[in-house]
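Just so it is clear, the structure is predicted and the values come from calculations on it, not from any experiment. The figures here come from the full heavy-atom set of this structure, side chains too, leaving out hydrogens, waters and symmetry mates.
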Amino acid sequence: PGNQRNYKRVRNLGRGAFGAVTAAKSLDDGKIYAIKAIAYRGTGGDTIDEDRQRALKEVRALRQLSDHPCVVGLRDAFESTCTKKLFIVAEFCESGSLHERLKSARRSVERNGWDSGKLEPKLVSSWLFQLVSAVEHLHSRNVLHRDIKPANIFMCAGATQVKLGDFGLVGVLENSMDIARNHVGT
């Protein structure tokens with residue numbers, strides 16, 4: 001297992017409800033990875049241990065699911081006991097998120113007219129196919145993502161490939177006949 005000293009921060013990628021994500025270069029293989037740092041805060045009625053268990057659930061889900069080409073791959077996960085954080089080291093999707101891509105297309109349309117921001121239907125169809133393939137993979141393993149949105153769909157290979165990521169709200173069903181009993185998401 002790794003630790004923070006195995007990585008050199010390149011830049012901040014973003015911050016979500018449960019943690020911050022940084023692009024970092026591995027000192028072992030020289031590749032860039034996305035590292036999500038999840039702090040165990042014990043807020044919102046949860047204890048620090050409940051925060052920790054929720055974070056570890058995300059790691060277990062990624063270990064189970066990241067063998068699919070349309071799910072962000074897990075490289076490593078490690079805890080820092082002194083800072084009370086879990087670090088999830090995952091595949092870096094260099095083309096950003098679908099959310100960023102859609103915002104960029106919208107800005108282009110607003111500035112230069114409809115034709116300037118159009119997304120090619122063939123490309124969008126490919127993205128949808130890949131996303132459905134990822135969701136089918138999750139469901140075949142009785143896993144519910146529970147937070148699918150453009151900000152959790154990441155783009156690779158010059159935005160021709162999409163990958164489902166951020167499994168922080170994942171739900172695991174005991175069997176395929178269970179139903180999700182609560183509504184979550186952002």
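With respect to Lys36 and Asp166, a salt bridge is recorded, a charged nitrogen being found less than 4.0 Å from a carboxylate O. Between Arg75 and Asp29 there is a salt bridge, with a side-chain nitrogen of the basic residue lying less than 4.0 Å from a carboxylate oxygen of the acidic one. A salt bridge links Glu79 to Arg52: at least one charged side-chain nitrogen sits closer than 4.0 Å to a carboxylate oxygen. Of the charged side-chain nitrogens involved, at least one lies within less than 4.0 Å of a carboxylate oxygen, so that Glu110 and Arg106 count as a salt-bridged pair.
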### side-chain hydrogen bond (donor to acceptor under 3.5 Å, both in side chains) between Glu136 and Ser140, intermediate numbers included
CA-CA 6 Å; Glu136 178 185 41; Ser140 74; over 6 Å; no
#### Entry: Leu144/His139 under side chain to side chain contact (heavy atoms under 4.5 Å, CB included): CA gap, chis, key distance, verdict
CA-CA 6 Å; Leu144 300 177; His139 292 180; 3.8 Å; yes
### Message
Does Lys85 form a side chain to side chain contact (heavy atoms under 4.5 Å, CB included) with Ile38? I'd like the steps, not just the answer.
### Response
CA-CA 5 Å; Lys85 287 183 182 178; Ile38 304 170; over 6 Å; no
### Task
Give the intermediate values and the outcome of salt bridge (Lys or Arg N to Asp or Glu O under 4.0 Å) for residues Arg141 and Asp67.
CA-CA 12 Å; Arg141 298 191 181 186; Asp67 61 333; 3.0 Å; yes
### Task
Show your working on side chain to side chain contact (heavy atoms under 4.5 Å, CB included) between Val72 and Ser66 and close with a plain yes or no.
CA-CA 6 Å; Val72 171; Ser66 66; over 6 Å; no
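Between Ser97 and Ala151 the shortest heavy-atom distance is CB-O, 4.0 Å. Smallest separation of non-hydrogen atoms from Gly165 and Phe154: CA-CE1, 3.8 Å. Pairing each heavy atom of Glu94 with each of Ala157, the nearest pair is OE2-N, 2.7 Å. The shortest heavy-atom contact between Leu74 and Val59 is CD2-O, 4.1 Å.
Residues passing the salt bridge (charged side-chain N to carboxylate O under 4.0 Å, His left out) test with Lys103, sequence neighbours excluded: none.
When only modelled atom types and interatomic distance are considered, Tyr40 and Gln53 share no side-chain donor-acceptor pair under 3.5 Å. Judged purely by distance below 3.5 Å, without hydrogens or angles, the side chains of Ser104 and Glu100 never pair a donor atom with an acceptor atom.
In this structure, CG in Leu98 is found 12.0 Å from CD1 in Ile148, a value given to the nearest 0.5 Å. In this structure, CZ in Arg41 is found 13.5 Å from OG1 in Thr47, a value given to the nearest 0.5 Å. For the atom pair CG (Asn6) and CG (Leu27), the distance works out to 6.5 Å, reported to the nearest 0.5 Å. Rounded to the nearest 0.5 Å, atoms CG (Asn152) and CG (Asp147) are 5.0 Å apart.
Lys84 has its side chain out of reach of Asp51: every pair of non-hydrogen atoms, C-beta onward, lies at least 4.5 Å apart. Side chains of Lys122 and Val124 form no contact here, defined as non-hydrogen atoms less than 4.5 Å apart. Residues Ser95 and Cys156 have side chains not in contact (no heavy-atom distance under 4.5 Å, counting atoms from C-beta outward). Proximity of Leu131 to Ile153: side-chain heavy atoms (C-beta onward) are separated by under 4.5 Å at one or more points. Side-chain atoms of Val71 and Phe167, non-hydrogen and from C-beta on, do get closer than 4.5 Å to each other.
A donor-acceptor contact shorter than 3.5 Å links the side chain of Arg146 to the backbone of Leu169. Within the 3.5 Å criterion, the main-chain N or O of Phe129 finds no donor-acceptor partner in the side chain of Ser133. Gln64 places no side-chain N or O within donor-acceptor distance of the main-chain N or O of Ala61, the cut-off being under 3.5 Å. Counting only distance, with no hydrogens or angles, the side chain of Gln130 and the backbone of Thr160 share a donor-acceptor pair below 3.5 Å. With hydrogens and angles disregarded, a donor-acceptor distance shorter than 3.5 Å links the side chain of Ser26 to the backbone of Asp28. The main-chain N or O of Met155 is never found under 3.5 Å from a side-chain atom of Lys163 such that the two would form a donor-acceptor pair. Looking at Trp127, its side chain does come within 3.5 Å of a backbone N or O of Ala159 through a donor-acceptor pair.
Leu123 is connected to Leu102 through a chain of hydrophobic side-chain contacts under 4.5 Å among Ile, Leu, Val, Met, Phe, Trp and Tyr, so both are in one cluster. The hydrophobic clustering, which links ILVMFWY residues whose side-chain heavy atoms are closer than 4.5 Å, places Leu65 and Leu56 together. Clustering ILVMFWY residues whenever any of their side-chain heavy atoms sit less than 4.5 angstrom apart, transitively, puts Val132 in a cluster other than the one holding Leu138. Residues Ile48 and Ile88 are members of one and the same hydrophobic cluster, defined by side-chain heavy-atom contacts under 4.5 angstrom among Ile, Leu, Val, Met, Phe, Trp and Tyr.
Ile32 belongs to a hydrophobic cluster whose other members, connected by ILVMFWY side-chain contacts under 4.5 Å either directly or through intermediates, are Val10, Leu13, Val21, Phe92.
Shown here is Arg15, whose CZ atom has no more than 12 heavy atoms of other residues, nucleotides or ligands within 6.0 Å.
Ring geometry for Tyr33 against Tyr7 counts as perpendicular: the plane angle is over 60°, on a 0 to 90° scale with 30° as the lower cut.
Pairs passing the ring-ring contact (aromatic ring centres under 6.0 Å, His included) check and including a residue from residues 48-72, sequence neighbours excluded, read His68-His137.
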